[in-house]
Amino acid sequence: MEVGILSMRYAKAMIEYAQEKGVEDRVYQEFLMLSYSFCAQPGLREALENPVITMKEKLALACTAADGDGKSTREFVRFITLVLRNRREGYLQFISLMYLDLYRKLKHIGTGKLITAVPVDKETEDRIRSAAAHILHTQMELETVVDPSIEGGFIFDINDYRLDASVATQLKRVKQQFIDKNRRIV
C-alpha cells in the first residue's frame, strides 16, 4: 500500500478518535514532539523498524519520544499499540506528519518559517505572526531560524508560499542579469 494513503487513513482514524474523546489538543502536542524526535534522532526510525526489539520496548520508545518523561495519553498509547500490532511502525513518522496536517486544517492553524541572517527580537516575531494571522484569518505557528548564509534580509515561508527578500538571492539575480546581458552582446 502507498505510504500517503496508509498514513492518511491512520491519521484520520486517530484524529476522529481523539476528537471523540476530547483530547485532540494533547494528542497534537504528542505527535508534534514525536515528529520532532524523528527529525532530531534519525536512529529512532531504525530502532522502531528493528525486528529484534520487542513490541513493548518499541511502545516505550515511541511514548518517550512523544512525551519525554511525561505520561502519554491513553489514546496515544492505544494508537501506537495498534500501529505496532499491525506492523506499521515504519510508517509512524509519516502518520505523525499527516496527523499534524489534519489537526492544523481542522483548527485553522497556519504554519510559517522566518529565516533571517541575525536573531529577531520577540516583538518583531510577534508582529509578523499577528500580521500573517490577520491576513490568513488563522492562528499562526511561526518558527524562526537564523541562517547567516543569506547575508541579510529575510526569507518568509508561509503555508505553501515563499517571500525571499534575502541579500544572497538578490545578488544571484544581479549576477544572472549580467550573465544574460553578456550572452546577448557576444
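The structure displayed is predicted, hence computed values, not measured ones.
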Original post:
Less than 4.5 Å apart, any side-chain heavy atom of L59 and any of L84?
Top reply: yes
Original post:
Distance from F94 atom CZ to M8 atom CE, nearest 0.5 Å?
Top reply: 14.0 Å
Original post:
Does some side-chain heavy atom of Q19 sit less than 4.5 Å from a side-chain heavy atom of L106?
Top reply: yes
**OP:** Report the residues that fulfil ring pair (Phe, Tyr, Trp, His ring centres under 6.0 Å) with Y28, sequence neighbours left out, ordered by chain and then residue number.
**Re:** Y103
Subject >> Residues in salt bridge (Lys or Arg N to Asp or Glu O under 4.0 Å) contact with E75, at least two apart in sequence or another chain >> reply: none
Original post:
Taking side chain as C-beta onward, heavy atoms only, is T144 less than 4.5 Å from F154?
Top reply: no
**OP:** Evaluate the side-chain proximity of V23 to R74: yes if any heavy-atom separation is below 4.5 Å, no if none is.
**Re:** no
Original post:
Are D157 and I155 side-chain neighbours, meaning at least one heavy-atom pair lies under 4.5 Å?
Top reply: yes
**OP:** For the residue pair L92 and R45, establish whether any side-chain heavy-atom pair is separated by less than 4.5 Å.
**Re:** no
**OP:** Identify, with sequence neighbours excluded, every residue that meets ring pair (Phe, Tyr, Trp, His ring centres under 6.0 Å) alongside Y99.
**Re:** F31
Original post:
Between S35 (side chain) and L32 (backbone), is there a donor-acceptor pair under 3.5 Å?
Top reply: no
Original post:
Backbone N or O of L48 within a donor-acceptor pair of the K58 side chain at under 3.5 Å?
Top reply: yes
